[in-house]
Structure formats: structure tokens, C-alpha cells
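Everything below concerns the one structure shown next.
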Amino acid sequence: MITEKDVLDSMRHIVDPDLGRDIVSLGFIKNLVIDGGRVRFTVELTTPACPVKETFRQRCTEAVMGLPGVESVDVTMGAMERKPRPGSEINTLESVDAVIAVSSCKGGVGKSTVAAHLARAMQRDGLAVGLLDADVYGPSTPTLFGIHHPHITMFQNKITPVNLDGLKVMSLGFLLGESPAVLRGPIVSNYIAQILRQTDWGKLDYLIIDMPPGTGDIQLTIVQQAALDGAIIVTTPQALSLVDVARGILMFEKVNVPVLGVVENMCSFTCGDCGAVHYPFGRSRSSLQERFGLPTLAELPIMPGVSDLSSKHAGADIAGFTQMSDQVHRAIGKSRVGAQERPQVTVAGNAIQVRWSDGYQAVLSAHDVRCACPCAVCVDEYTGAKLLDSSQVPLEVTVEAVQELGNYAVSFAWSDGHTTGIYSWEFLRALADREAGAAF
Ligand code: ADP
């Protein structure tokens, strides 16, 4: 007789590549029914948009079919029931599965272009997608999508978003005109909040918000009001861009919004004559993964024709956009399960103790950790040369505050006033390994 245990055990080798754990212990297998030789169950994924959905279905079917006595396997692919959006007072977002902000510290890095292509790429994945252009300083959606004088209609006191072959689009530019608005901060936040609240988004898999550039109060208000599921930071590989990324991470963490990753835009271009790839801004020495523990969701080159999204197929042939959409689905799934257990940090006097979830522990000296600070003030982000003069760091330096940053990193406020360092867990682990090696 086939037992529930046999069925579950047969699938324990199927590991979710993003969460690093098997789908049985993650609790993904639901509604298991064994009826003689017929087995049926649901695989409940973190998000309906999981890009490895079909692979899971196939692997589960094969695994269970391999059990003696099994005649047929019926696998339904489902997604976790979402709790009502916590903290959001906006009932138009009730039926939106995930709200994602696309943000940047500066204007002109391609934030709106990336947000629009992300929306189009997700739409091509068969998902219901909305795009809110909240960039009051330079709404670009009208230009990107070629919608200059839309006929905006209201129904039951709600604005109906413009429907572009299935993509629901709303822009401040539709209401305020396309030139940058000269409005004071609080009025801007109110405007955006009102549009969020009054647009009838209906049922969506994703709402992408193209944020105003910067990390100030306006942005914070939007983040809080929309109760975001995650944020994406767009940057270019120019000098100082890593400082911007750090600033963005710190803003979102203030309000507990996980940063899903970074899109590096306009990194390279391909010479039309010889086909050689050039990196006009140089290449950063260390990856964002090493610096902040954050994935790079896409590295996009400079591309001609990127700002015409009037067709649903715009950008379909650009691998970077498809990859970006896949990576966002995966990052959302990962942040929902939160399966990566965070290491624990304890500070006692001049010692910082870190305990990782695999049981590895290290006690690091606060002075060593401060001197190893990887921020762009302490280390040249291109050459990797150390800029911090360690002899200037007081030997008795201590940690005054610890802030955990999502699942990926931690930041310390030091007694010498330095606060800009973001230490990824991987970076701290490498530091601990180095110290352990030096001790022998
Ligand atoms: P932001 O929203 O950050 O202000 P935009 O998305 O409006 O930036 O982009 C600024 C300009 O750069 C636009 O003219 C846009 O077409 C162009 N652009 C953005 N990304 C790319 C790219 N990958 N290749 C070529 N041009 C780009």
C-alpha cells in the first residue's frame, strides 16, 4: 500500500533552487490524496509567477511515478494564499498580489525605462500587470508608451487605468501634464497617495511603481502607504553609484521593505562596426553580491530603441529584460518564505559574535570589523584600494547600534561616527574565515 510518507519521501530530493531547501520540508505539498494507485496533490509555490513551475511539476510527477504501485499522478500547481496587504490602508491594492517599487537615487539612470520593460516582460509571462508612473518630477510613461492625451474615465469614484493591450497603466503625467511638476514635498506625496488610492487596479499579479528619484520623505511616504512587497534599485556603473545603492537599501530597510536586487543599467555598448563590447564607465571590481549580499537582477547594455514600448512585444528579443522578470519572481518568492535563516549578531564590549544558521560561529574584534568596512568611503569601489587609514580608527572603537538589512546583510553604527558600511553575511563570513586562518 502506498503511504503518505512514501509519497512525501519520494520528493525530498527536489530542492527549490532559490530557497536552498527541499519542497517537502518547505511545506509546498498540500492536499495529498492517495486513492489506490492514483495519487494527487497540489504543489503550493510562493508566487503564481514562479518561473520553475513546470520543472517542479515534471520532477514531482517523475518522482512519485517511480514508487511501486503508483499508476497515475495528478499534480496541481498552486500558489500560497496571500494575507491581506498588511499596513496598507489602500483598498484598491487589496487584490494585487505583489507591489514592487522601482527606485533610483538619481534621475536619468533609466529607472522608468527599466520599470516599463519589467512590466512588459511580466505581461509576456502571462501575468496581470499594472504600472504606476509616480515620477512627478518627470513622468515618462506617456512618452515611453506613446499615450499623450489619454481619455481618463472614472467609474464609481475610481480612476480606470489606461489599458494597453492588457497592461494597466496610470501616470501622474496623464493628470498633471508631462512637464515636471513644481510642487512641494508633502503635496507631491499626497498626490501620489491619492492616485494610488483612487485607481481601480482590480486583480493583478504585480503592480510596478516607478518611483520619483531619490530617497527622501516623498519616497518614504509612498513606500509606507503602498505596503510594498519589495523594491528594485536601478543604477548605472558610474562612480558613486554604489553609494546610491547603499542609500536606497537603508531607506527601504527603515520601513522593512526588502530590496530584491539591483538592475545595473547602461553598463556597456556593442560597437556597430566591429561588434566589440565596450564598458564606457569601467567595470566595478566587486559584485553587488559581494558588497551588499544583493543579487544583480540584470546587467543591461546601452540599446537603441529602448524607449518605445508602444507594442507588447517591445524588448521581447532582449535577454536582459526576460532575465530581469524571472529574477524578480524568484526574489519575491524567496523573500516571502524568508527561508534563509538570518545569522544572529551579538555585541559585547569590543567583540562582535556572529552565529550562522549552519552552526558556524565567530567572535570578531570590533576594531577589525570597523577597519574592514567595505563602504565606498573606506574602499575605492573601482580599484579596491583601501581608502581608510586604519591607524585613525580608535583601538577601543565599539558598535553603538546594529541594523539587520533583510536576509542579506547587517550595518553597524560605530562609536567613531561611521555608519555607511553594509556588511553582507558572506563578507562577514569571509572575514571570520580569514581571522580564523590567521589565528593558526
Ligand atoms: P530615469 O527614470 O532614471 O530618469 P529614464 O528611464 O527616463 O531614466 O532614462 C533616461 C534616458 O536614458 C532616456 O532617454 C532613456 O531612453 C535612456 N535609456 C535608459 N536606459 C537605456 C538603455 N539601456 N539603453 C539606451 N538608452 C537608455
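Read the numbers this way: they start at 1 and go in the same order the structure lists the ligands and their atoms.
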- Message: Under 4.0 Å from atom 27 (C) of ligand 1, is there at least one protein heavy atom?
- Response: yes
- Query: Any protein heavy atom sitting closer than 4.0 Å to atom 17 (C) of ligand 1?
  - Reply: no
- Per-residue contact class, Pro301 against ligand 1 - non-hydrogen pairs under 4.0 Å: backbone
- Item | Top protein contact for atom 8 (O) of ligand 1, by heavy-atom distance | Gly110 N, 3.0 Å
- Answer yes or no: does an N/O atom from Lys111 fall short of 3.5 Å to an N/O atom of ligand 1? yes
- Task: Say whether Thr113, considering both its backbone and side-chain N or O atoms, lies within less than 3.5 Å of an N or O atom on ligand 1.
- Result: yes
- Answer yes or no: is there a side-chain heavy-atom contact under 4.5 Å between Phe145 and Leu167? yes
- Message: Within the 3.5 Å criterion, strictly below it, is a donor on Asp125 or Ser325 matched to an acceptor on the partner's side chain?
- Response: yes
- So which heavy atom in the protein is nearest atom 25 (C) of ligand 1, and how far is it from that ligand atom? Met303 O, 3.2 Å
- Return a yes/no value: protein heavy atom under 4.0 Å from atom 14 (O) of ligand 1? no
- Near Val306 (heavy-atom distance under 4.0 Å), the atoms of ligand 1 are 21 (C), 22 (C), 24 (N), 25 (C), 26 (N), 27 (C)
- Task: Would you mind checking if Glu62 and Arg59 are paired as a salt bridge, meaning a charged N to carboxylate O distance below 4.0 Å?
- Result: no
- Item | Taking every non-hydrogen atom, the tightest pair across Trp356 and Ala362 | CZ3-CB, 4.2 Å
- So is Ala116 close enough to ligand 1, meaning a heavy atom under 4.0 angstrom away? no
- Minimum-distance protein heavy atom relative to atom 7 (O) of ligand 1: Ser112 CB, 4.2 Å
- Query: For Ala101 and Leu228, which heavy atoms make the closest approach, and how far apart are they?
  - Reply: CB-CD1, 3.5 Å
- More than 12 heavy atoms of other groups within 6.0 Å of Gln344 CD: no
- Query: Distance from Lys312 atom NZ to Gln123 atom CD, nearest 0.5 Å?
  - Reply: 5.0 Å
- Task: Give the numbers and elements of all ligand 1 atoms closer than 4.0 Å to a heavy atom of Ser307.
- Result: 16 (O)
- Item | Within-cut-off N or O pair, Met266 and ligand 1, under 3.5 Å | no
- Member of Ile147, Asp135, Asp133, Asp210 meeting the side chain to side chain contact (heavy atoms under 4.5 Å, CB included) criterion with Ser171: Asp133
- May I ask you to check whether Ile302 has an N/O atom sitting below 3.5 Å from an N/O atom of ligand 1? no
- Sub-4.0 Å heavy-atom contact, Asn265 with ligand 1: yes
- Query: Just checking, Arg120 and Phe321: is the charged tip under 6.0 Å from the six-membered ring centre and within 45° of the axis?
  - Reply: no
- Message: With respect to Gly108, determine whether any N or O atom, backbone or side chain, lies less than 3.5 Å from an N or O atom of ligand 1.
- Response: yes
- Within a radius of less than 6.0 Å around CG of Asn157, do more than 12 heavy atoms belonging to other residues, nucleotides or ligands occur? no
